[in-house]
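One is the number of the first residue; the rest follow in order along the sequence. Read the numbers this way: they start at 1 and go in the same order the structure lists the ligands and their atoms.
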Amino acid sequence: MKFFIDTASLEQIKEANDLGILDGVTTNPSLMAKEGISGKEDVLKHYVDICNIVDGDVSAEVIATDFEGMVREGEELAALHKQIVVKIPMIKDGVKALRYFSDKGIKTNCTLIFSPGQALLAAKAGATYVSPFIGRLDDVSTNGVDLIAQIVHIYENYGYPTQVLAASIRHTMHIIQCAEVGAHVATCPLSSILGLLKHPLTDIGLEKFLADHKKSQKTPVAG
Ligand code: G3P
């Protein structure tokens with residue numbers, strides 16, 4: 001499973017990339033706003049800055065909701081850097097835009113996926129990735145990971161090359177469950193990625209190893 005980080009924070013992207021486990025980045029307008037990035041020039045520059053940190057796909061979302069606007073914005077985003085993936089919302093004009101970009105060989109990420117039917121349409125339209133939002137489904141008492149499993153199964157039935165990119169991940173168990181059901185990618189907050197490496201028995205075990213090593217260094221050699 002590929003690991004993407006779901007943030008527009010350059011510091012967090014660097015920290016995850018330095019771990020050597022990062023395959024890409026996803027952003028959205030809310031995450032850009034959280035970092036205080038606004039104004040077209042600054043937004044475009046920020047995407048390039050992200051591409052220069054990580055060697056992998058970087059999703060950049062269009063703001064337009066009409067076909068012509070999405071095409072215009074998407075082409076501008078795609079021209080910024082070869083790693084840019086144009087993120088398109090799952091709406092009617094978005095499906096048309098997915099087909100347009102797919103025919104032009106431009107990678108896309110279809111976002112705001114909440115049902116298997118939406119994921120099927122996005123795959124038919126040639127999306128590179130679909131982003132089902134599992135945490136937001138859990139928030140409304142619907143099992144988000146079940147949706148990931150359903151979409152993986154449907155894509156396998158027909159050999160669709162579209163990759164299932166599990167999004168709206170809130171904690172480490174989401175990551176494990178996505179891996180269990182065969183998600184191709186999980187895009188996670190840094191806290192969830194770092195959460196994976198924690199276990200109290202690791203800390204206790206390391207403390208003992210180091211204490212035993214220290215003791216052995218003080219023991220005088222016999223004879
Ligand atoms: O990638 C989509 C993600 O950013 C949404 O996450 O936590 O706002 O539901 P969240």
Side-chain angles (χ1 to χ4, degrees), residues 1-13 15-17 21-38 43 46-47 50-51 53-54 56-65 70 73-74 77 83-91 94 97-98 107-116 118-119 122-123 127-152 162-179 181 183-196:
M1 187 172 71
K2 288 185 212 159
F3 272 40
F4 288 5
I5 189 168
D6 194 29
T7 184
S9 158
L10 298 182
E11 290 69 31
Q12 291 194 11
I13 293 167
E15 187 173 341
N17 194 55
I21 51 85
L22 197 62
D23 300 298
V25 178
T26 52
T27 64
N28 62 38
S30 305
L31 293 171
M32 294 292 274
K34 192 173 165 196
E35 296 308 310
I37 315 295
S38 66
V43 167
H46 201 74
Y47 287 136
I50 294 173
C51 290
I53 296 171
V54 60
D57 286 349
V58 174
S59 288
E61 188 159 341
V62 297
I63 304 300
T65 53
M70 283 190 253
E73 267 185 61
L77 290 168
Q83 289 167 230
I84 292 285
V85 174
V86 181
K87 204 170 181 188
I88 306 273
M90 172 35 77
I91 53 176
L98 290 171
K107 286 187 180 180
T108 53
N109 175 358
C110 185
T111 189
L112 292 167
I113 296 281
F114 292 96
S115 78
Q118 291 178 322
T128 312
Y129 299 101
V130 284
S131 288
F133 279 26
I134 64 176
R136 290 192 197 181
L137 279 170
D138 287 359
D139 287 345
V140 294
S141 311
T142 304
N143 191 319
V145 174
D146 282 354
L147 175 63
I148 300 293
Q150 250 181 313
I151 300 171
V152 167
T162 303
Q163 296 182 53
V164 181
L165 190 169
S168 184
I169 281 179
R170 304 276 171 76
H171 48 71
T172 54
M173 278 312 291
H174 272 156
I175 303 177
I176 306 296
Q177 290 162 345
C178 283
V181 300
H184 303 94
V185 189
T187 188
C188 322
L190 180 63
S191 57
S192 301
I193 297 175
L194 296 178
L196 288 176

Taking the side chain as C-beta and beyond, is there a heavy-atom pair between [X] and [Y] under 4.5 Å?
X      : Y      : result
Pro89  : Met70  : yes
Asp57  : Tyr129 : yes
Ile176 : Leu196 : yes

Shortest heavy-atom approach to atom 5 (C) of ligand 1 - which of Lys87, Arg136, Arg170:
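Of the listed residues, Arg136 has the closest heavy atom.
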What's the verdict on side chain to side chain contact (heavy atoms under 4.5 Å, CB included) for Cys178 and Met1, showing C-alpha distance, side-chain angles and the deciding distance?
CA-CA 9 Å; Cys178 283; Met1 187 172 71; 4.3 Å; yes
To which protein heavy atom is [atom] closest, and what is the distance rounded to 0.1 Å?
atom                   : answer
atom 4 (O) of ligand 1 : Asp6 OD2, 2.6 Å
atom 2 (C) of ligand 1 : Phe133 CZ, 3.3 Å
atom 6 (O) of ligand 1 : Ser168 CA, 3.4 Å

Is it the case that the side chain of Lys87 and the backbone of Thr27 share a donor-acceptor pair, with hydrogens and angles ignored and the cut-off at 3.5 Å?
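Pair found, side chain donor or acceptor close to backbone of Thr27.
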Considering the heavy atoms of Asn28, write down every atom of ligand 1 situated less than 4.0 Å from one of them.
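Those qualifying, in numeric order: 2 (C), 3 (C), 4 (O).
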Report, in ascending order of atom number, the atoms of ligand 1 lying under 4.0 Å from any heavy atom of Ala167.
1 (O), 2 (C)
